[in-house]
Amino acid sequence: MSMIAAFYGGKSILITGATGFMGKVLIEKLLRTSSELRAIYVLVRPKAGQTLQQRVHQMLDCKLFDKVKEVCPDLHAKIRPISADLDHNDLAIGKEDMQELLSCTNIVFHCAATVRFDDHLRHAVQLNVKATQQLLLMASQMPKLEAFIHISTAFANCNLKHIDEVVYPCPVEPKQIMDSMEWLDDSIIEEITPKLIGDRPNTYTYTKALGEMVVQQESGNLNMAIVRPSIVGATWQEPFPGWVDNLNGPSGLIIATGKGLLRSIRATPMAVADLIPVDTVVNLTLAVGWYTAVHRPKSTLIYHCTSGNLNPCKWGDMGLQVLATFEKIPLERAFRRPYADFTTNSITTHYWNTVSHRAPALIYDFYLRLTGRKPRFTKLMNRLLKTISMLEYFINNSWEWSTGNMEMLMSELSPEDKRELRSTY
Ligand SMILES: CCCCCCCCCCCCCCCC(=O)SCCNC(=O)CCNC(=O)[C@H](O)C(C)(C)COP(=O)(O)OP(=O)(O)OC[C@H]1O[C@@H](n2cnc3c(N)ncnc32)[C@H](O)[C@@H]1OP(=O)(O)O
Ligand SMILES: NC(=O)C1=CN([C@@H]2O[C@H](COP(=O)(O)OP(=O)(O)OC[C@H]3O[C@@H](n4cnc5c(N)ncnc54)[C@H](OP(=O)(O)O)[C@@H]3O)[C@@H](O)[C@H]2O)C=CC1
């Protein structure tokens, strides 16, 4: 068994964001490789009328967990759902649950966040800043805590071209931002948001940067680390290739290309596509948890989980690879034969959006109406174009992330763990 997997044996682990894309892969990897772990506490909010037990059962029923059910038959007993809602200042965790979390937790993986680019600043601050502060406060009352791993994003400082593994200060202190959210009304917040986020493209990257400042300022004596993944895509190898469960980031656009919906996108073919498979992110995150707990670095280390300077890929290459894949393995019921071109200026982008996106959707919806069916393509196309407008910033710029800490961590791993982590780069 790998040294890292053995480390998690007997441990009680608290995961926030456990029902999310990354959270699920993290749970799967822990249960599959460290089945001797004591418990995984998952903070889950009741959603869409489901109880948290129903949500956890539904989560464990997905294909991702097929392999782990063979090696960890008692996986349901290992998972402890805890009702919580990070939209509430006290996280809406019950007294008894809180007592158990405080007394038992050895490792915290804080993955929960709002990852929407267009979230209202109030909500993004609540989830990505205030909830992080609350979790740090909880962690400071955990006598058995060995490490707290905070998941940020490599784009938290996307307003810089070269990004080091350090926490960069934001112009306004997080505490002032959180206090102002208490008394400003929504319309005033909307008005001042562009000024506050400054040269960052959205509230997501801005509040992730604020969250990092809170970690730096309020972690006290906690044994902390921050992991900054770049653009997280489907699984590369574990537990099987190609697993993804949402349309975020590249996934939605790749599927839209395969369905023949997306025919052109404003992108810079030579810009670096810093994509990273979710199982690589999880392997690095578990290695960071082990290293932080065992080696107890003197300060909070930040680890860039990026591929650009280790195994660079350009958007142009990625686009060709996507099209070649759909040539070999076409999606069912495609609207048109997949083809996607990169435009480089807004005039041609506008032209192709009209000719290749909006007009065909309108015509097809007209045909659906004529044949007595509900039109849906115009709405879908508008959503897709809105998503693209939010993502364009990231596919028309390149960044350089230093990876000294990540490479140091690699040098500390056993040959087996190193193979596992390096194999996914
Ligand atoms: C040639 C190949 C080129 C490939 C080119 C790749 C470029 C790839 C760049 C990535 C760059 C990220 C770099 C940051 C790295 C992080 O840290 S990203 C963290 C993850 N965050 C994201 O990706 C957030 C991006 N998405 C959003 O913020 C929101 O989805 C948006 C863009 C504001 C859209 O919001 P919205 O219109 O309210 O849509 P949303 O609520 O998300 O979904 C509504 C409906 O649309 C559907 N939908 C959502 N997204 C899509 C989509 N992309 N397509 C179709 N339907 C969709 C949903 O399924 C949903 O359907 P229903 O449930 O209503 O039936
Ligand atoms: N995906 C990516 O490309 C990247 C992601 N990251 C970071 O990784 C982390 C995980 O991202 P990812 O898995 O993609 O995101 P998802 O949107 O898939 O998951 C977000 C998680 O946070 C939970 N959550 C959201 N709001 C609340 C709330 N009010 N109370 C309790 N839980 C809540 C969600 O629970 P629920 O199921 O109830 O909604 C879900 O489990 C985030 O911190 C993100 O910033 C960093 C870089 C890239």
Side-chain angles (χ1 to χ4, degrees), residues 14-28 41-52 54-56 58-59 62 64 81-93 108-117 119 122-132 134-135 149-158 163 202-212 215 226-235 243-254 273-282 284-285 302-307 390-391 394-395 399 401:
L14 167 58
I15 300 178
T16 73
T19 51
F21 171 45
M22 200 177 298
K24 290 188 184 88
V25 180
L26 180 58
I27 292 174
E28 193 277 337
Y41 294 102
V42 291
L43 297 196
V44 182
R45 57 176 168 166
K47 194 175 176 186
Q50 287 183 306
T51 66
L52 56 153
Q54 286 168 330
R55 290 203 67 197
V56 171
Q58 185 183 37
M59 173 180 84
C62 84
L64 179 75
I82 301 279
S83 181
D85 189 338
L86 276 56
D87 276 321
H88 295 249
N89 282 345
D90 63 355
L91 308 184
I93 296 176
V108 176
F109 290 107
H110 178 34
C111 303
T114 173
V115 298
R116 290 184 64 90
F117 290 164
D119 228 337
R122 183 197 300 284
H123 186 240
V125 167
Q126 173 57 41
L127 229 25
N128 297 348
V129 191
K130 193 137 183 65
T132 299
Q134 292 299 317
L135 279 158
I149 310 305
H150 174 71
I151 307 297
S152 181
T153 171
F155 295 96
N157 303 288
C158 59
I163 300 157
N202 52 49
T203 56
Y204 167 71
T205 51
Y206 175 63
T207 53
K208 291 299 279 189
L210 286 174
E212 290 188 358
V215 167
I226 295 174
V227 177
R228 287 178 177 160
S230 51
I231 303 170
V232 182
T235 49
W243 183 82
V244 65
D245 76 337
N246 66 33
L247 293 166
N248 277 343
S251 313
L253 299 192
I254 290 170
D274 203 297
L275 299 158
I276 196 93
V278 63
D279 45 334
T280 302
V281 179
V282 163
L284 182 74
T285 299
I302 289 105
Y303 299 84
H304 283 155
C305 187
T306 56
S307 59
M390 299 259 175
L391 298 180
F394 298 98
I395 52 183
W399 292 268
W401 289 280

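Quantities reported herein were computed from a predicted structural model and do not represent experimental measurements. Both counts, for ligands and for their atoms, begin at 1 and track the order of listing.
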From [atom1] ([X]) to [atom2] ([Y]), nearest 0.5 Å:
X: T132; Y: E212; atom1: OG1; atom2: CD; result: 10.0 Å
X: I163; Y: F155; atom1: CD1; atom2: CZ; result: 8.0 Å
X: T207; Y: H123; atom1: OG1; atom2: NE2; result: 10.0 Å

- Given P229, A113, C111, which one has a non-hydrogen atom that is nearest to atom 9 (C) of ligand 2?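 Residue with the shortest heavy-atom distance to the ligand atom: C111.
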- Message: For atom 26 (N) of ligand 2, which of the options L127, L86, V281 provides the nearest non-hydrogen atom?
- Response: L127
Residue portion contacting ligand 2 (non-hydrogen atoms closer than 4.0 Å) for [X]:
X: R228; result: neither
X: M22; result: both
X: A131; result: neither
X: Y204; result: side chain
X: T16; result: neither
X: V115; result: side chain
X: A154; result: neither

- Option among N157, T306, T153 that satisfies the side chain to side chain contact (heavy atoms under 4.5 Å, CB included) test with R228: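 Filter result, single survivor: N157.
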- Look at the side chain of D279 and the backbone N and O of V282, then say whether any donor-acceptor pair between them is shorter than 3.5 Å.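 No, the answer is negative, given that no donor and acceptor are paired below the 3.5 Å cut-off.
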- Task: Just say parallel, tilted or perpendicular for the rings of W401 and H304, cut-offs at 30° and 60°.
- Result: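 Plane angle over 60°, so perpendicular.
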- With the side chain counted from C-beta on, respond yes when R55 and P81 share a heavy-atom pair under 4.5 Å apart, and no when they do not.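 Result no, sub-4.5 Å side-chain heavy-atom pair not found.
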- Query: Does even one non-hydrogen atom of H88 get within less than 4.0 Å of ligand 2?
  - Reply: no
- Message: So, 4.0 Å and heavy atoms of S230: is ligand 2 close enough to count as a contact?
- Response: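 It does, in that a heavy atom of S230 comes within the 4.0 Å cut-off of ligand 2.
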- Message: For a quick test of reading the model, state the closest non-hydrogen atom pair linking S83 to L52 and the distance between them.
- Response: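 Taking S83 first and L52 second, the nearest heavy atoms are N-CD1, 3.4 Å.
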